[in-house]
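Throughout, a chain's letter reflects where its sequence line sits, starting with A, and its residues are numbered from 1.
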Amino acid sequence: MRPLSLKSRIGFCIAAVIAAALVVLSIVASIEFKEAMLRSVDHRLRMTAEAIRETILTDGFETEESRREIEAILKGPRETVWLGYALWKEEDGTIWLEQTELLNVRDYLRLQAQPLPKLDEPRILVVKDGKMVGQMLWMRFLAPAESGKEGRIIHLLLAASSEYSYHETKEYVQVLAVTGSILLMISIGVIYSIFRWGFRPIGELTERMNRISEKNLEQVSFEFGPMPPELLPFVHSWKEMLQKLAEAMSQQRRFTADAAHELRTPLALVKSTLQLAQSQPRELSFYKRSIQHALEDLDRMNRLVEQMLELSRLDRAELDGTREPLELGAWLEDLSEQYSSYAQERGFRLVCRRCSAWIRAHPQQIRQLFGNLIDNALQYGPPGTDVTIWMKTDDSFVHVQVHDEGGRIPPEECPFLFERFYRLSKARDRHSGGTGLGLAIAQEIAILHGGRITVRSNPQEGTIFTVVLPLEEKSSAS
Amino acid sequence: MRVLIIEDERRLADNIAQVLREREKYAVDISEDGLDGFHMFQSNPYDLVILDLMLPRMGGLEILRRIRQNGKTTPVLILSARDSTDDIVQGLNYGSDDYLTKPFDLGELVARCKSLIRRAYGVAAPLIRIGELSIDTAARRVQAGRRVLNLTGMEYQTLVYLAMRQGQIVSKEQLLEHLYDFNWERFSNVIEVYISALRRKIDPTRQQQYIRTCRGQGYLLDEPSK
C-alpha cells in the first residue's frame with residue numbers, strides 16, 4: 001500500500017479530532033436539551049398542580065366551581081397534552097375527579113410503580129411498552145376544613161405526554177447532526193486549503209530539487225528567498241550537501257581533465273617521436289634514440305596510470321583491519337638504507353635520525369608515503385647535500401620530518417603543493433619524471449592514518465615536509 | 001618562414017621543430033617558458049607561433065592576449081592537451097587562428113602551419129603563379145614554364161617568401177629575419193648568393209627578370225616586364 005501523504009495524514013488527524021469534538025458536542029447538547037425539555041414539562045406539571053391546589057384551597061374540594069376551574073386550568077396550555085389526572089381523598093381513596101381517556105393514572109401508578117413512588121417526587125416517568133411516553137407529578141396537600149367538615153388530605157396525580165419534548169429533542173438532534181456534518185465538511189475543506197497553502201513551500205522546494213541533476217549541479221543557485229522557519233534547517237543541510245557534492249564533482253571533473261591532460265602530453269611525445277623517425281630515412285642512432293625516448297615516455301605514462309589508480313584506491317579506502325603495529329623508527333631506518341645507494345647515485349647523503357615510535361599502519365601505504373617524500377627530496381634538493389629524516393614524539397603523535405637543503409618552494413604555493421597535478425609555476429619540471437601526484441598520494445595516506453602532512457620551505461632552512469601520525473595506544477602496544 | 005614554438009615539453013618542441021625544418025626548411029625557435037617566449041615574440045618577426053597553454057611563468061592564453069593587444073596579426077596555433085569545446089572556443093576567442101589537441105599528427109600540424117602562414121600573407125591557394133613561374137607550396141615544387149626547378153631548401157624558402165609578398169619590396173634584413181632562426185650564423189652576403197642562384201635557375205638565359213633588385217631597399221618578385 002502506498003503510504004499516505006503528509007498532507008492527508010495531518011488533514012485526517014485534524015478532521016478526526018474535529019469530528020470527534022462535534023460528536024461529543026452534539027451528544028452533550030442533545031442530552032442537555034432533553035434534560036431541559038424534561039425540566040420544562042416538570043415545571044408545567046408543577047405549575048398546573050399548584051394552580052389546582054390553589055383552586056381547591058380557595059373554592060373548596062368537591063365543589064362545582066372548583067371542578068370548572070380545574071377543567072379550565074387543564075385546558076390552558078396548548079403545548080401540553082395531558083395523559084390523565086386524578087384527585088382523591090387520602091382517607092378513603094374516593095376519587096373526585098378523574099380523566100382516564102389516555103391513561104388511568106392511579107392504575108398506572110399501581111401497575112407500573114411498585115412500590116408506589118414517593119410523594120412529590122420531582123419526576124416520575126411514564127413508561128409504556130418500554131418506551132417513555134410522559135411525565136407524572138404526584139402531589140399531596142391538606143385541603144382546609146370547611147363548614148362541618150374537617151380538613152382532608154388530598155392527592156393530586158397529573159400526567160403529561162412527553163411526545164412534544166420527544167419531537168423537539170429529535171428535531172434538535174437532527175439539526176445538530178446536519179449542521180455538524182456541514183461544519184465538518186467545511187472544516188475539512190478549510191483544512192485542505194490551509195494545508196495546500198502551508199505545504200506550498202515544500203512543493204516549490206521539491207520542484208526546484210527535481211530540476212537539479214548531476215549536469216547542472218554547478219550552475220544551481222542556492223538562494224531560495226523567504227522560507228518558513230521549519231524548512232530552514234532542511235534547506236540549509238540540503239544546500240550544504242549539494243554544495244559539497246558540486247565541489248566533489250567539480251574536483252572529480254578537474255581531476256579527470258588534468259589526468260587526460262597529463263596523459264595526452266606523453267602520448268603526443270611518443271607519437272611525434274615515432275612519426276618523426278618514420279618520416280624519412282634516418283641513421284641507426286636516430287632510430288635507437290627515438291625508441292629510447294618513446295619507451296621513457298611510455299614509462300612515464302605507466303607511472304602516471306599507476307599513481308592515478310593508487311589515488312582512486314585511497315579515495316575508496318576505509319579504515320580496514322589490515323593495519324598492523326609498526327615501529328616507525330626501525331622501519332624508517334630500513335627504508336633509508338634501501339634508498340641509500342640510489343641517493344648516492346644522485347649525489348646525496350641520506351641521514352636518518354630515529355627514535356622509537358609505535359604506530360598502527362598499513363606498511364605498504366606508509367612506505368609509499370615516506371618513499372614519495374624521499375623521492376621528492378632527492379629529485380629537487382641540491383646534489384651534494386644531505387637529505388635528513390628527523391623523528392620526535394610527543395604524548396600522542398610522532399612527528400617525522402624529511403628535510404632537504406633546497407628552499408625552492410615560494411611560500412604562496414605551499415598550500416597547493418598537495419593538490420593533484422599541481423606543479424610549481426616556476427619549474428613545471430616534467431623531465432624529472434614526476435607525475436604531480438606523489439605528494440597528493442602522500443597526503444591522502446597521512447589523512448587515512450589519522451595524521452596530516454605540512455610543508456615549510458625557505459632558502460635558509462631548506463624544504464621540510466612534516467608528517468604527523470598518531471601513536472598507537474600504549475595499552476595495545478605493550 | 002620563421003616559427004616560434006612556446007612549449008614546456010622540450011622534446012615535443014624539438015620534434016615539431018625538427019619536422020618543420022626538415023620538411024619545410026622553416027627557421028624555428030623554441031621557448032620552454034611563457035615569459036621568455038613572449039619576449040622572443042616581441043623582439044623577432046615571426047610568421048607563426050605554436051603555443052602551448054599550460055606554461056611556466058606565463059600561461060598560453062595570457063601570451064595570446066598580449067600578442068593581440070599589441071595589434072600583432074601573426075597567426076597563432078594553439079597546441080594543447082585540453083580538448084573540451086569550451087577550451088577550444090576560449091582559445092579561438094582569445095585570438096588564436098587554429099587549435100590542435102594533443103596527441104596530434106605531425107603531418108597535420110605541418111599542413112596547418114603552412115596554411116596559416118599562406119593565409120597571413122593573403123595567399124589562399126597553395127599554388128602561386130607569377131607569369132610563367134608556378135610555385136606549388138603543397139608539393140614544394142617550382143616550375144618555370146614546363147621546366148621543374150631543382151632548388152635547395154633555402155633557395156626555395158627565399159623564393160616562397162618573395163612570392164608571398166609578390167609585388168612588394170622585401171629588404172635583405174626582412175629576408176634574414178624570416179628565414180633564419182637563432183641557431184644560424186647570418187652572413188651578410190648569404191641572401192645575395194641565394195638570389196643570384198634563384199635568378200640563374202629560374203631563367204638560365206637571363207632574358208626575363210622575375211626578381212628585381214631595388215637599390216638600397218631590397219628585392220621584389222613580380223611578373224617580368226616585357
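With contacts defined as side-chain heavy-atom distances shorter than 4.5 Å, the pair Met54(B)/Thr265(A) does not qualify. Taking 4.5 Å as the limit, some side-chain heavy atom of Ser272(A) sits within range of a side-chain heavy atom of Leu12(B). Asp83(B) places a side-chain heavy atom less than 4.5 Å from the side chain of Arg264(A).
For Arg282(A), the CZ atom is densely surrounded, since the number of other residues' heavy atoms within 6.0 Å is greater than 12. Dense packing is recorded around OH of Tyr287(A), with more than 12 heavy atoms of other residues, nucleotides or ligands lying under 6.0 Å away. Counted within 6.0 Å of CG on Asn150(B), heavy atoms from surrounding residues, nucleotides or ligands total 12 or fewer; the atom is thus considered open. Around atom CZ of Arg141(B), no more than 12 heavy atoms belonging to other residues, nucleotides or ligands sit under 6.0 Å away. Within 6.0 Å of the CZ atom in Arg349(A), the count of heavy atoms belonging to other residues, nucleotides or ligands does not exceed 12. Around the CZ atom of Arg119(B), the shell of radius 6.0 Å holds no more than 12 heavy atoms that belong to other residues, nucleotides or ligands. Remark: Gln278(A) CD is loosely packed, at most 12 non-hydrogen atoms of other residues, nucleotides or ligands lying under 6.0 Å away.
Of the atoms belonging to Asp14(B), not a single heavy atom falls under 4.5 Å from chain A. Using a 4.5 Å cut-off between heavy atoms, Glu296(A) touches chain B through its side chain atoms alone.
Scanning all heavy atoms of the two residues, the minimum distance from Phe286(A) to Gln18(B) falls at CE1-NE2, 3.2 Å. In terms of heavy-atom proximity, Arg11(B) sits nearest to Ala294(A) at NH2-N, 4.5 Å.
A distance of 7.5 Å separates CG in Asn15(B) from OG in Ser290(A), rounded to the nearest 0.5 Å.
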Walk me through whether Glu108(B) and Lys271(A) qualify under salt bridge (charged side-chain N to carboxylate O under 4.0 Å, His left out). CA-CA 13 Å; Glu108(B) 183 184 350; Lys271(A) 190 167 176 180; over 6 Å; no

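Across Leu263(A), Leu276(A), Val270(A), the residue that shares the most heavy-atom pairs under 4.5 angstrom with chain B is Leu276(A).
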